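Let me begin by presenting the structure, written as structure tokens, before commenting on it.
Here the structure is a predicted model, which is why all the values come from computation and not from measurement. Naming convention: chains lettered A, B, ... in sequence-line order (proteins, then strands); numbering from 1 in each chain.
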There are 2 protein chains.
Amino acid sequence: MSESNAPSRTAHKGGNGRAQRDAYDLPRVLEIAVTAFNEHGYDATSMGNLADRLGTSKSAIYYHVAGKEDLLRLALERAIGELEKVLDEPGAKSGSAAERLRFVLSGAVRVLVDDLPFVTLLLRVRGNSDIERSALERRRRFDHAISRLVDEARDEGSLRADVDAAVTTRLLFGMINSIVEWYKPGGSITREQLTEDVLTVAFDGLTKR
Amino acid sequence: MSESNAPSRTAHKGGNGRAQRDAYDLPRVLEIAVTAFNEHGYDATSMGNLADRLGTSKSAIYYHVAGKEDLLRLALERAIGELEKVLDEPGAKSGSAAERLRFVLSGAVRVLVDDLPFVTLLLRVRGNSDIERSALERRRRFDHAISRLVDEARDEGSLRADVDAAVTTRLLFGMINSIVEWYKPGGSITREQLTEDVLTVAFDGLTKR
DNA sequence: TATTCTTTACTGAACGATCGGTAAGTTAGC
DNA sequence: GCTAACTTACCGATCGTTCAGTAAAGAATA
């Protein structure tokens, strides 16, 4: 692969360096689209709007993607895909339920931070189309897997049993998912520090001991 | 356009006054609108859509409200107004910082539950228009007031100091605000039980002691 | 090397559908 | 008859999408 080229040109994909007047390849289009969707909402973002941000025309976008919904599909797939991977990692499968829960929650925070705009979009989806409903269904399954871990950790005696288990899980999710609303990567708080803080507050609470 | 509500024309049915072929008064229109906005998003909800839900025509809605944005304005005003009231109650002004914090958080949960659809809409606003930005600004001020309470409770020695104060506050908000995404009034969990669970998890964490 | 063909990556204009909103006429109850 | 509460018909703007055309560059042919 040739990497000595000017960055504004030839962002070629596979084996051959073809003609490319500008670098509007799919990853770039997707990145701009996800940013715009998060800023103004999916419905409020028009294809003309995206074209302006890309410095190109509306119809040029259609060379790279099938349509507006396709951009949403690709973005949601990326987000939910990365989250699902966490459940397949070894740390999510061995150890006590409490250990596995901590591992999965850490992994979720990691994905939230590393793919922040994509996960942000996923968490705002309300099920308006088949694509959104499909992403929502996969998210529901992911949530359910963590919910089972909470139940197990409870049965183990690791977690408190005086609060409804379902409520506990929901509040836990609420806390973690809210990260996308305020966390700025590259700021003063590192990803690792954030993960530690989240687990501390979640498991030990706000009260001083 | 005047800031105040109370349009002198709306003949409310309370004292039984004017002709009313159907019960499409402002509160009913607003209720249907907020429900629709929450289900499909503000942008994805058309005036025609609202008219169908009301069993009337699009233009009939314009007799009761100035336009689509006006519906949003009224809904957001109600939500943020109720939240702001909590800060003015006596319990929010006397006692230790920890006590005031618990009072305000309880109050926030109470408003969230009692005006669930309105607060849901408020929490989903992203600042796309002047109206949204104005609501967002008031919400930011409300959040900041609670943030100061957390700082005070910390200085008092009531709250832990080993986690960043700003992060603590954000996670606390994330947890509480997430309620609008899953709580169903009239279900098995009462408002009071929910409030208690939230405070327990927030202050004491998930771990069994 | 010179010419032609093919593919890539667009441009610009236009499409039908739908949007929020309005104008003007109509009906029900006092 | 007056007015509140509509209805029907329509407006211009904008939406996502399509389509014919085309410039640029590599590949094939001579």
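When A/L30, A/L26, A/I32 are each tested for a side-chain contact (heavy atoms from CB on, under 4.5 Å) with A/R28, only one passes: A/I32. Screening A/R170, A/R124, A/R126 for a salt bridge (Lys or Arg N to Asp or Glu O under 4.0 Å) involving B/E181 leaves a single residue, A/R126.
As rounded to whole Å, 13 Å separates atom C1' of C/dC10 from atom CG of A/L54. In this structure, the OH atom of A/Y62 is 21 Å from the P atom of C/dT8, given to the nearest Å. Protein atom CD of B/E69 is 17 Å distant from nucleotide atom P of C/dC19, rounded to whole Å. Atom CE of B/M47 and atom C1' of D/dC10 are 17 Å apart (whole Å). At whole-Å resolution of the value, CG in B/D25 and C1' in D/dA4 are 14 Å apart. Atom-to-atom, CD1 of A/I61 to C1' of C/dG12 comes out at 15 Å; the value is rounded to the nearest Å. Atom CG of A/D43 is separated from atom P of C/dT18 by 15 Å (rounded to the nearest Å). For the pair A/R28 CZ and C/dA9 P, the computed distance is 16 Å after rounding to whole Å.
Note on A/S59: every side-chain N or O is 4.0 Å or more away from OP1 and OP2 of C/dT11. Between C/dC10 and A/Y63, no contact under 4.0 Å exists linking OP1 or OP2 to a side-chain N or O. The shortest distance between the side-chain N/O atoms of A/H64 and the OP1/OP2 oxygens of C/dC10 is below 4.0 Å.
Within 4.0 Å of B/S46, counting heavy atoms only, lie sugar-phosphate atoms of the nucleic acid but no base atom.
Using a 4.5 Å cut-off on side-chain heavy atoms (C-beta onward), A/F37 and A/L71 make contact. Counting heavy atoms from C-beta on, the side chains of B/R191 and B/P185 never come closer than 4.5 Å. For the pair A/D204/B/R160, a side-chain contact is recorded, criterion being any heavy-atom separation below 4.5 Å from C-beta on.
Residue A/S57 places its side chain closer to C/dT11 than to any other of D/dC10, D/dC6, C/dT11. Distance from the side chain of A/K58 is smallest to D/dG16 among D/dC6, D/dG16, C/dT11.
On a pure distance criterion of 3.5 Å, no polar donor-acceptor pair joins the side chain of A/K68 and the base of D/dT17.
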